[in-house]
Amino acid sequence: MQERAGRAGDVGGLTRRTADAGPGGWPLREADVGQIEQGLERALRTRPVPASTEARLRFLLASHGGSTRRVATVLGVSQRTVQRWVTKKPGVRRPPGPMQVQAIEEAVLARWQPRIRARRRAQAEAEGFVFHTRARFGFAAPAGSSDDPRVRWITQDLPGEVARELFAARDAGAGEQQQTVILARALGHAYFRERGRRAHGLHVAFSDVEFADFSIG
């Protein structure tokens, strides 16, 4: 069941989750996004985003030629505030507050490896990707019968059309629910119905995503 789907023409299938788009777009704080969004972000990077606020500030300074003024403009604070964050002088240094930590994180996420991210996205949209997930799957047949949902580990190759749909949804500000709808349709066709070779009319319910990862290339 895990061979690459040649076409994504029929990726029909339903999910019990709604298709309403979530608020906001990227960048979002890593803590505020779901498993699918986190998996997409991991797949686009070749190096992890700096974990500490101090390391993130160093990255922003390096990205702006060491200018505290330019970093302050990006973050919407005063130059003096940024200087107090990064100074080594005892008694002068002040750590950023929670809202400022969030702004720093979002600024770093928006600027991390832009060329690599663009290249890996283009590769996924052209060649497809391998989707790995642990989630709850249930099924409904056309006659109305259904199976109780159960947790499954699934690894499945999915075509570039699915990647294009996922990224387009994310660009439009879609949340985890809409992304789940897209993947439920794709898995219903490629994995559970073996690209139309079996289980015709089987509808997939995909929920409670515990883990989602995407392998590109």
Side-chain angles (χ1 to χ4, degrees), residues 1-22 26 28-46 48 120-121 123-217:
M1 288 188 187
Q2 297 177 10
E3 59 189 356
R4 181 173 295 278
R7 295 178 57 211
D10 174 16
V11 290
L14 301 177
T15 174
R16 293 192 180 98
R17 305 192 67 170
T18 66
D20 295 333
W26 192 261
L28 294 171
R29 292 191 307 143
E30 291 174 314
D32 290 341
V33 299
Q35 292 296 324
I36 294 172
E37 181 65 66
Q38 292 181 43
L40 282 173
E41 278 302 302
R42 286 192 300 268
L44 294 178
R45 304 169 186 160
T46 58
R120 290 178 68 80
R121 172 173 173 168
Q123 183 178 3
E125 292 180 342
E127 302 173 6
F129 58 90
V130 181
F131 181 52
H132 316 268
T133 190
R134 176 178 167 85
R136 189 173 303 278
F137 290 88
F139 313 96
S145 62
S146 63
D147 293 333
D148 290 334
R150 64 184 178 91
V151 174
R152 294 170 176 253
W153 277 101
I154 288 179
T155 295
Q156 176 62 46
D157 286 354
L158 294 174
E161 179 175 330
V162 179
R164 291 192 295 273
E165 191 174 359
L166 277 173
F167 285 120
R170 191 181 74 163
D171 291 346
E176 184 94 342
Q177 291 180 334
Q178 178 61 31
Q179 293 165 338
T180 303
V181 167
I182 294 167
L183 288 167
R185 291 171 179 162
L187 290 173
H189 174 65
Y191 185 89
F192 293 104
R193 296 195 297 277
E194 293 188 35
R195 294 183 291 162
R197 291 196 293 266
R198 64 181 295 274
H200 302 291
L202 183 71
H203 299 318
V204 178
F206 177 27
S207 62
D208 301 330
V209 181
E210 298 176 13
F211 172 81
D213 213 355
F214 300 79
S215 298
I216 301 173

Between [X] and [Y], which heavy-atom pair has the shortest distance, and what is it?
X: Arg121; Y: Leu44; value: N-CD2, 3.7 Å
X: His132; Y: Ser215; value: NE2-OG, 2.9 Å
X: Ala124; Y: Ala163; value: O-CB, 3.5 Å

Practice item. Verify, without hydrogens or angle tests, whether Arg170 (side chain) and Glu37 (backbone) share a donor-acceptor contact under 3.5 angstrom. Key: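 Here the side-chain-to-backbone pair does not exist.
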Review point. Does Ser207 offer a backbone N or O that forms a donor-acceptor pair with the side chain of Arg136 under 3.5 Å?
Key: no
Roughly how far apart are [X] [atom1] and [Y] [atom2], rounded to 0.5 Å?
X: Phe129; Y: Gln123; atom1: CZ; atom2: CD; value: 12.5 Å
X: Arg164; Y: Asp171; atom1: CZ; atom2: CG; value: 13.5 Å
X: Thr180; Y: Arg185; atom1: OG1; atom2: CZ; value: 11.5 Å
X: Ile182; Y: Glu161; atom1: CD1; atom2: CD; value: 11.0 Å
X: Ile154; Y: Phe137; atom1: CD1; atom2: CZ; value: 3.5 Å

**Study point:** CA sep, side-chain torsions, deciding dist, call: Gln38, Arg42, side chain to side chain contact (heavy atoms under 4.5 Å, CB included)
**Key:** CA-CA 6 Å; Gln38 292 181 43; Arg42 286 192 300 268; 3.8 Å; yes
Review point. Looking at Tyr191, Phe131, Phe214, which one forms a side-chain contact (heavy atoms from CB on, under 4.5 Å) with Leu158?
Key: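 The residue from Tyr191, Phe131, Phe214 that satisfies side-chain contact (heavy atoms from CB on, under 4.5 Å) with Leu158 turns out to be Phe131.
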Exercise for review: Could you give me the CA-CA distance, side-chain angles and deciding distance for Arg120 and Thr46, then say whether side chain to side chain contact (heavy atoms under 4.5 Å, CB included) is met?
Suggested key: CA-CA 9 Å; Arg120 290 178 68 80; Thr46 58; 4.2 Å; yes
Check your understanding: Where do Leu183 and Leu166 land on the side chain to side chain contact (heavy atoms under 4.5 Å, CB included) test, with the steps shown first?
Key -> CA-CA 8 Å; Leu183 288 167; Leu166 277 173; 3.9 Å; yes
